[in-house]
Amino acid sequence: MIHNEELPIGFTMALAQRSDLLNQFARLPEEEQQAVVEGARQVKSKSEMRSYVESMFS
């Protein structure tokens, strides 16, 4: 799994609020996790991050 220091803080906080999505993210292969994290790095606001996390597995 990707190391915590590599995760954007807003992404980490949004995932912490949704343990079901955190678990799904943790089960992804590392290369897919990296792609999700790269997408999270493009997010500019808290509400946008919440939406990004909510839509990761929909």
With a 3.5 Å cut-off and sequence neighbours excluded, list the donor-acceptor pairs that the side chains of residues 45-54 form with protein atoms.
residue: Ser45; atom: OG; partner: Ser47; partner atom: OG; Å: 3.4
residue: Ser45; atom: OG; partner: Glu48; partner atom: N; Å: 3.1
residue: Ser51; atom: OG; partner: Ser47; partner atom: O; Å: 3.2
residue: Tyr52; atom: OH; partner: Val36; partner atom: O; Å: 2.7
residue: Glu54; atom: OE1; partner: Arg18; partner atom: NH1; Å: 2.5
residue: Glu54; atom: OE2; partner: Arg18; partner atom: NH1; Å: 2.9

What is the minimum heavy-atom distance between Ser55 and Ser58, and which atoms define it?
O-OG, 3.2 Å
How many angstroms lie between atom CG of Leu28 and atom CG of Asn23, to the nearest 0.5 angstrom?
11.0 Å
How would you list, by chain and number, every residue that makes a ring pair (Phe, Tyr, Trp, His ring centres under 6.0 Å) with Phe11, sequence neighbours excluded?
Phe25
Quick one: do Glu38 and Gln34 satisfy side chain to side chain donor-acceptor pair (under 3.5 Å)? Show the steps, please.
CA-CA 6 Å; Glu38 288 303 318; Gln34 191 63 46; 3.2 Å; yes
Give a yes or no answer on whether the side chain of Gln24 reaches the backbone of Phe57 with a donor-acceptor pair at less than 3.5 Å.
no
Which residues pass the salt bridge (charged side-chain N to carboxylate O under 4.0 Å, His left out) test with Glu31, not counting sequence neighbours?
none
Contact check, side chains of Arg27 and Gln33, non-hydrogen atoms, under 4.5 Å:
no
Any chance you could measure Leu22, atom CG, to Met56, atom CE, to the nearest 0.5 Å?
8.5 Å
